[in-house]
Amino acid sequence: MLLSLSTFFSAAPEAATLAPDDFVGISFWVISMALIAATAFFFLETQRVEGKWKTSLTVSGLVTLVAATHYFYMRDVWIETGSTPTVYRYIDWLITVPLLMVEFYLILAAITKVPAGVFWRLMIGTLVMLIGGYLGEAGYMGVWPGFLIGMAGWAYILYEIFAGEAGKISADSAPPAVQSAFKLMRNIVTVGWAIYPVGYFVGYLAGSEPAESANMLNVVYNLADVVNKIAFGVIVWTVATSQTDSKAA
Ligand SMILES: *C/C=C(C)/C=C/C=C(C)/C=C/C1=C(C)CCCC1(C)C
């Protein structure tokens, strides 16, 4: 009786709990929690900064909130099935990446007048990048054309923030603290974001077996999101608080 009860209780959940040696699953857990904590932090800190910086911090919190919600789901799918298709991540990216792009516009708009064209060019670059990648990954077009379209969208974003109008506005009109935040943020968009196309390349184009690289890719993407979502938000927080404090002093 006791024995059958214990098998009853352990049989079903066994397949669906986090194993102590499941490092991919653990990385999903850790980042889910970190994203929730970051969300609470960014939202609470909106109270502390000057009016025009509140929007930037709210957007940082929305990025981590959307990602956290998504991570909880991906984590469950991982634990149930031992896989989580990269295509799931596109749902998250479709919302979080445009919001991250908006941050460039917002931190400039907090200090000077910024033409709406800057905003729209960043949005268009983002959509081209994500739609190209998705069509390639989901099999609606070849993996190479999808990759190249995605790379073109990313290149367009990089052009805008380095050499285009956004980059010029930052260099010409932003106070030093905003300029250095802008530079850090665009370095993240260059180096931190490069992890995703490298993942696409390794997963689809370098001839490796997708199933083999999937585990590694999940861990790499999870770590990348810590930098690209949480650290990015912290940079925005740093400039928002430093600008507020320098006003108060
Ligand atoms: C929080 C999530 C972020 C910052 C996701 C960023 C995703 C990318 C930068 C994806 C880029 C891609 C290319 C540049 C080429 C085509 C394939 C993609 C979509 C993986």
Side-chain angles (χ1 to χ4, degrees), residues 27-28 30-32 34-36 38-39 42 59-75 84-105 121-162 184-206 208 210 213-214 216-236:
S27 76
F28 272 113
V30 172
I31 176 137
S32 311
L35 286 164
I36 286 287
T39 305
F42 294 138
V59 171
S60 292
L62 290 177
V63 168
T64 51
L65 177 63
V66 169
T69 311
H70 201 76
Y71 262 91
F72 278 100
Y73 177 71
M74 289 200 293
R75 192 193 73 191
T84 152
T86 310
V87 169
Y88 285 7
R89 293 186 183 265
Y90 280 84
I91 303 167
D92 169 89
W93 294 352
L94 196 61
I95 299 177
T96 56
V97 180
L99 287 173
L100 290 168
M101 281 287 111
V102 166
E103 293 282 27
F104 281 97
Y105 177 81
R121 284 195 295 275
L122 292 172
M123 279 306 125
I124 290 167
T126 304
L127 287 177
V128 170
M129 178 178 88
L130 294 180
I131 292 170
Y134 179 73
L135 295 178
E137 289 210 42
Y140 292 107
M141 64 165 60
V143 283
W144 266 114
F147 183 71
L148 294 176
I149 293 171
M151 290 298 278
W154 183 38
Y156 188 60
I157 293 169
L158 291 175
Y159 173 81
E160 176 66 29
I161 55 183
F162 278 92
L184 275 173
M185 284 158 66
R186 72 185 180 191
N187 288 343
I188 287 185
V189 171
T190 313
V191 181
W193 285 26
I195 292 167
Y196 306 95
V198 167
Y200 184 110
F201 189 85
V202 171
Y204 297 97
L205 300 167
S208 61
S213 51
M216 185 268 291
L217 269 187
N218 269 312
V219 176
V220 169
Y221 282 155
N222 291 357
L223 292 175
D225 280 357
V226 173
V227 174
N228 297 327
K229 297 190 166 73
I230 300 178
F232 193 92
V234 170
I235 294 168
V236 172

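One-based numbering, in listed order, for ligands and for the atoms of each.
Nearest protein heavy-atom contact of atom 16 (C) of ligand 1 is Gly150 CA, 3.8 Å. Atom 17 (C) of ligand 1 has its closest protein heavy atom at Tyr200 CD1, 3.6 Å. Among protein heavy atoms, the minimum distance from atom 4 (C) of ligand 1 is reached at Trp193 NE1, 3.5 Å. Taking atom 13 (C) of ligand 1 as the reference point, the nearest protein heavy-atom neighbour is Pro197 CB, 3.8 Å. Regarding atom 10 (C) of ligand 1, its nearest protein heavy-atom neighbour is Tyr196 CB, 3.6 Å. From the protein, the heavy atom lying nearest to atom 1 (C) of ligand 1 is Lys229 NZ, 1.6 Å.
Remark: Arg186 is positioned above the aromatic ring of Phe162, its terminal NZ or CZ atom under 6.0 angstrom from the ring centre and at most 45 degrees off the axis.
The proximity of Val63 to ligand 1, defined as any non-hydrogen pair under 4.0 Å, does not occur for either the backbone or the side chain. Contact annotation for Met129 and ligand 1: heavy atoms of both the backbone and the side chain come within less than 4.0 Å of the ligand.
Atoms of ligand 1 lying under 4.0 Å from any heavy atom of Met151, numbered from 1 in the order shown and given with element: 14 (C), 15 (C). Against a heavy-atom cut-off of under 4.0 Å, Leu100 is close to the following atoms of ligand 1: 4 (C). For ligand 1, the atoms closer than 4.0 angstrom to any heavy atom of Trp154 are 14 (C). Close contacts of ligand 1 with Asp225, meaning ligand atoms under 4.0 Å from a residue heavy atom, involve 1 (C), 2 (C).
In this structure, the separation between CG on Leu127 and CE on Met101 is 11.5 Å, given to the nearest 0.5 Å. From Leu217, atom CG reaches atom CZ of Arg89 across 8.5 Å, with rounding to the nearest 0.5 Å.
Of the candidates Leu35, Ile95, Thr39, Ile91, Val66 forms a side-chain contact (heavy atoms from CB on, under 4.5 Å) with just one, namely Ile95.
Judged by distance alone, with hydrogens and angles left aside, the side-chain atoms of Tyr140 form no donor-acceptor pair with the main-chain N or O of Gly146 at under 3.5 Å. At distances below 3.5 Å, not a single donor-acceptor pair connects side-chain atoms of Trp154 with backbone N or O atoms of Ala194.
Within the 4.0 Å heavy-atom shell around ligand 1 one finds Tyr90.
Side chain to side chain, Tyr71 and Asp92 fail the donor-acceptor criterion of an N or O pair below 3.5 Å. There is no side-chain donor-acceptor pair under 3.5 Å between Glu137 and Tyr200. Side-chain atoms of Tyr221 and Asn228 form no donor-acceptor pair, as typed in the model, at a separation below 3.5 Å.
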